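Notes to accompany the following structure.
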Amino acid sequence: VPLEAALGAGALSVKVERTIADNFIYTPSWSEEINVTVVSSGILDVSAPESVQIGTGMNVTVTLSEAGGSSVGNATLVLIWDGEVVGEYTTDISGTLDTVLNAGTELGVKVLRVEFAGNGLVLPASTQVTVRVLAKGTKLTFNIDPRDIYIATKITITGTVRGDDDSIVE
């Protein structure tokens, strides 16, 4: 039986016995107690928005647990946003980290990576999610004079996309 699956991470004592058969009666011929430390795989779960507006904060929740299901509290996590280390954070007693990260000033698909280096009982783990950084609310305006449009006539429509602050969005 894999010890990790049966018991979770931690220290335990295992008794090992060797028996021999004598007239169908099994008697211990040797036994020894062995102290072992069971390590477990770390499991990271990250919750972040699929998209966020440029320059705004985004709520991020990270949960760290071990393969047996127990939470890993007071663990250090490293958060990396678009290839840059944002900082080191510590999970609370329930293995959860709630924080707000700035989406930055560049549009596009970004990667939020979370890394856990391990702690002696739980092995290192990492995971990542993608977040699309979008322009702030945009508006598209164009003018067409209906008097200039006739049936079966080709027309060209041009317009300008502007942000909330009325700046042109390219």
Side-chain angles (χ1 to χ4, degrees), residues 2-10 37-146 148-149 152-170:
L3 293 177
E4 174 185 349
L7 303 169
T37 301
V38 178
V39 295
S40 182
S41 300
I43 299 172
L44 285 166
D45 181 45
V46 179
S47 174
E50 290 182 16
S51 61
V52 65
Q53 287 186 344
I54 193 169
T56 61
M58 62 178 172
N59 294 322
V60 175
T61 300
V62 182
T63 304
L64 175 62
S65 59
E66 50 107 344
S70 298
S71 60
V72 182
N74 300 316
T76 301
L77 304 177
V78 176
L79 273 60
I80 302 164
W81 174 247
D82 199 30
E84 300 290 326
V85 174
V86 177
E88 291 186 355
Y89 298 82
T90 303
T91 61
D92 62 18
I93 194 79
S94 67
T96 301
L97 165 68
D98 286 309
T99 190
V100 176
L101 298 179
N102 188 308
T105 59
E106 294 181 15
L107 300 176
V109 177
K110 308 297 179 184
V111 174
L112 171 61
R113 182 169 177 81
V114 181
E115 297 179 350
F116 170 63
N119 66 5
L121 293 177
V122 180
L123 296 172
S126 65
T127 192
Q128 65 187 35
V129 296
T130 57
V131 178
R132 180 176 294 278
V133 179
L134 305 172
K136 289 188 178 181
T138 56
K139 53 187 171 182
L140 175 62
T141 57
F142 50 90
N143 295 317
I144 301 174
D145 188 344
D148 295 334
I149 301 174
T153 303
K154 291 184 181 179
I155 62 170
T156 302
I157 301 173
T158 58
T160 305
V161 179
R162 297 188 179 272
D164 288 338
D165 60 359
D166 215 28
S167 62
I168 295 176
V169 177
E170 296 182 23

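Small disclaimer: the values here were computed from a predicted structure and weren't measured.
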Original post:
Under 4.5 Å between any side-chain heavy atoms of Val85 and Ile80, yes or no?
Top reply: yes
Original post:
Can you tell me how far CG of Leu64 sits from OG of Ser94, rounded to the nearest 0.5 angstrom?
Top reply: 10.5 Å
Subject >> Nearest heavy atoms of Ala103 and Gly55, plus distance in Å >> reply: CB-N, 4.3 Å
Original post:
Short question: side chain of Ser40, backbone of Ala67 - any donor-acceptor pair under 3.5 Å?
Top reply: yes
**OP:** For the pair Val131 and Trp81, evaluate side chain to side chain contact (heavy atoms under 4.5 Å, CB included) and give the outcome as yes or no after the intermediate values.
**Re:** CA-CA 10 Å; Val131 178; Trp81 174 247; 3.8 Å; yes
**OP:** Compare all side-chain heavy atoms of Val46 with those of Thr61 and state whether any distance is below 4.5 angstrom.
**Re:** no
Original post:
If you round to the nearest 0.5 Å, how far is OG of Ser71 from CD1 of Ile93?
Top reply: 7.5 Å
Original post:
So which heavy atom on Ala48 is nearest to which on Val129, and how close?
Top reply: CB-CG2, 4.1 Å
Subject >> Residues Leu79, Val114; criterion side chain to side chain contact (heavy atoms under 4.5 Å, CB included); working and verdict >> reply: CA-CA 5 Å; Leu79 273 60; Val114 181; 4.3 Å; yes
Subject >> Non-hydrogen atoms of Ala125 and Gly42 that approach each other most closely >> reply: CB-O, 3.4 Å
Subject >> Distance-minimising heavy-atom pair for Leu134 and Ser51 >> reply: CD1-CB, 3.8 Å
Subject >> Closest non-hydrogen atom pair, Thr56 against Gln53 >> reply: OG1-O, 2.6 Å
**OP:** Decide yes or no for Asp45 and Val62: does some side-chain heavy atom of the first lie under 4.5 Å from some side-chain heavy atom of the second?
**Re:** no
**OP:** Output the distance between atom OG (Ser47) and atom CG (Leu112), rounded to the nearest 0.5 Å.
**Re:** 10.5 Å
Original post:
Within the distance-only criterion (no hydrogens, no angle test), does the side chain of Thr91 pair as donor or acceptor with the backbone N or O of Ala75 below 3.5 angstrom?
Top reply: yes
**OP:** Can you see which heavy atom on Ile54 is nearest to which on Glu106, and at what distance?
**Re:** CD1-N, 3.7 Å
Subject >> OG1-NZ distance between Thr130 and Lys110, expressed to the nearest 0.5 angstrom >> reply: 12.0 Å
Subject >> Nearest-0.5 Å distance, CD of residue Glu50 to CE of residue Met58 >> reply: 13.0 Å
Subject >> Euclidean distance, Leu77 CG relative to Thr99 OG1, rounded to 0.5 Å >> reply: 11.0 Å
Original post:
Does the side chain to side chain contact (heavy atoms under 4.5 Å, CB included) test come out yes or no for Thr63 and Leu44, once each step is laid out?
Top reply: CA-CA 6 Å; Thr63 304; Leu44 285 166; over 6 Å; no
